Amino acid sequence: MSAQDRTLDLYQELMTINATSHVLRTGRELGLFDALLEGQKTLEALAERTGLPESRLLLLLQPLTSVGIIEKYAEDYAISSVARLLCQYDADLGDAVWLNASTALKSDSQSSADTKVPQSRFDSIAATQWVHTPAAMQAAEILDFGPTPGEEGEGEGTVLSSDESKPQTLLDLGCGSAVWSCAAAHRDPQLHVTLLDHPGALEAAMATANSIELGDRFESIEGDALTAELPENQYDHVLIAQRLNSYSPDQIRLMLQRATSAVKPGGRVIVIDSFEGPNRPSLAESIEALRIGIETEGGAVPELKEAQERMKDAGLESIQFSFIAASRVGLGLMTGIKP
């Protein structure tokens, strides 16, 4: 393919992406999604509900069907699973964030440990965290939760083997909907998990644990991940997932210090988040980095070396890192051991 052909293909792709977002907005504004949330409907019923002529409505339904937002069964149209998620959590397609992009990028405010991250950012992460389930299962495998490979007769741990002589404990610090700690508990039938977050997140997290019949091994602490009182030298593992990148550098230092204090000597601190690797970031990774910059005052995706130095500064040793291949947005995990 020539350079000119690649340019033309990219141009068409960008125009199609932009047009698709406008098609979605149009469907939302006309009440099409609200109508389909009630159940399957024919073209005639949808035309009556939206007030559009059938021929004009069909022009809108066709691209929505092509992109998988709406599904067609014989004469009926139905909303897809991904559209239900959009309607529930991202009905505005993230416009509330992106319409503020130019203003946010012009801001040069100084952030500190007192800078408040909007709760809406953490709520959004928690609400859609289930999409990371395959990545969470892979992370639990990389972290070697569960029976030692020798006992099962196959496989090898990648990062650090858990001590199988007694049940392990894990603190999920700022748990969100607890997809990552649930994956660890699913793989390790002896793991006991303590969740810490605000009430709404804890409710979602316990619902996640109960949905896979693990709730009896989970307990919760209500509080802010940055300020809630934590016991010292209490847990075998402390997990901080999809959170540090939203914080300012001062807040990151505080969070890692708190995690290090709470973990037992010989235990590990686990960070799961976006990291800037040696390769050029994908579109999804670049968009996430931009969104962090827009939604937070001090958040950013760190370079690997910077993230490793932060772990060391918190008093952790044997720092290890692995990208999570199953992640759709390029997430990775970093671990450190408390001496």
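The model shown is predicted, which means the values in this text are computed figures rather than measured ones. We number each residue from 1, following the sequence as shown.
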Discussion item. I need the full list of ring pair (Phe, Tyr, Trp, His ring centres under 6.0 Å) pairs touching residues 275-301, with sequence neighbours left out, sorted by first then second residue.
Written reply: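 Qualifying pairs, neighbours excluded: F275-F321.
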Fill in: Sequence neighbours excluded - ring pair (Phe, Tyr, Trp, His ring centres under 6.0 Å) pairs with any residue from residues 204-225
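As it turns out, there is no ring pair (Phe, Tyr, Trp, His ring centres under 6.0 Å) pair with a partner in residues 204-225 once direct neighbours are skipped.
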For the residue pair [X] and [Y], what are the closest heavy atoms and their distance?
| X | Y | value |
| --- | --- | --- |
| L173 | A225 | CD1-O, 3.9 Å |
| A35 | L46 | CB-CD2, 4.0 Å |
| Q257 | A314 | N-CB, 4.3 Å |
| R291 | S124 | NH2-OG, 4.1 Å |
| A228 | L196 | CB-CD1, 3.9 Å |
| V117 | S246 | CG2-O, 3.3 Å |

Discussion item. As a quick check of understanding, evaluate side chain to side chain contact (heavy atoms under 4.5 Å, CB included) for E306 and E276, giving each step before the final call.
Written reply: CA-CA 10 Å; E306 178 186 8; E276 185 179 326; over 6 Å; no
Would you give the length of the straight line joining atom [atom1] of [X] to atom [atom2] of [Y], rounded to the nearest 0.5 angstrom?
| X | Y | atom1 | atom2 | answer |
| --- | --- | --- | --- | --- |
| I240 | N245 | CD1 | CG | 11.0 Å |
| R310 | L244 | CZ | CG | 8.0 Å |
| L57 | L30 | CG | CG | 8.5 Å |
| H198 | Q119 | NE2 | CD | 3.5 Å |

Discussion item. T20: which residues meet the side chain to side chain donor-acceptor pair (under 3.5 Å) condition with it, sequence neighbours left out?
Written reply: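 Residues passing side chain to side chain donor-acceptor pair (under 3.5 Å) with T20: none at all.
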Practice prompt. Output, in order, the C-alpha distance, side-chain angles, deciding distance and verdict of side chain to side chain contact (heavy atoms under 4.5 Å, CB included) for L226 and M255.
Written response: CA-CA 6 Å; L226 282 169; M255 193 76 156; 4.0 Å; yes
Heavy-atom donor-acceptor pair, [X] side chain to [Y] backbone, under 3.5 Å:
| X | Y | result |
| --- | --- | --- |
| S261 | R258 | no |
| S274 | V301 | no |
| N210 | M206 | yes |

Worksheet item: Under the ring pair (Phe, Tyr, Trp, His ring centres under 6.0 Å) test, which residues partner Y247, sequence neighbours left out?
Response: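 For Y247 the ring pair (Phe, Tyr, Trp, His ring centres under 6.0 Å) partners, ignoring immediate neighbours, are F122.
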Worksheet item: Y77: what forms a ring pair (Phe, Tyr, Trp, His ring centres under 6.0 Å) with it, not counting sequence neighbours?
Response: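 Result, ring pair (Phe, Tyr, Trp, His ring centres under 6.0 Å) vs Y77: none returned.
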Residues that [X] engages under side chain to side chain contact (heavy atoms under 4.5 Å, CB included), provided they are two or more places apart:
| X | result |
| --- | --- |
| N233 | P265, K338 |
| D216 | none |
| R280 | none |

If you look only at pairs with a residue in [range], which of them pass as a salt bridge (Lys or Arg N to Asp or Glu O under 4.0 Å), with sequence neighbours excluded?
| range | value |
| --- | --- |
| residues 197-209 | D197-R243 |
| residues 227-237 | D236-K264 |
| residues 12-31 | R25-D95 |

[X] vs [Y] side-chain heavy atoms within contact, under 4.5 Å:
| X | Y | result |
| --- | --- | --- |
| L170 | D172 | yes |
| R121 | I292 | yes |
| W180 | L143 | no |
| E288 | V329 | no |
| T169 | Q234 | no |
| I319 | K312 | yes |
| R84 | L37 | yes |

Worksheet item: NE2 of H186: more than 12 outside heavy atoms within 6.0 angstrom?
Response: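 12 or below, so no.
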Worksheet entry | Distance-only donor-acceptor check, side chains Q129 and S177, under 3.5 Å |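 Short answer, yes.
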Worksheet item: Just checking, any donor-acceptor pair under 3.5 angstrom between side chains of H237 and R268?
Response: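 R268 and H237 do have a side-chain donor-acceptor pair below 3.5 Å.
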Worksheet entry | Residue pairs passing the side chain to side chain donor-acceptor pair (under 3.5 Å) test where at least one lies in residues 42-65, sequence neighbours excluded |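 Residue pairs with at least one partner in residues 42-65: E38-R49.
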Item to complete: For the pair L256 and V271, evaluate side chain to side chain contact (heavy atoms under 4.5 Å, CB included) and give the outcome as yes or no after the intermediate values.
Response: CA-CA 9 Å; L256 289 175; V271 174; 4.1 Å; yes
Item to complete: Before giving the answer on side chain to side chain contact (heavy atoms under 4.5 Å, CB included), spell out for Q168 and F145 the whole-Å C-alpha distance, their side-chain angles and the decisive distance to 0.1 Å.
Response: CA-CA 9 Å; Q168 298 279 295; F145 281 106; 5.6 Å; no
Discussion item. By the definition side chain to side chain contact (heavy atoms under 4.5 Å, CB included), identify the one residue from I70, D76, I69, L64 that meets it with L36.
Written reply: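 One option only clears the test, and that one is I70.
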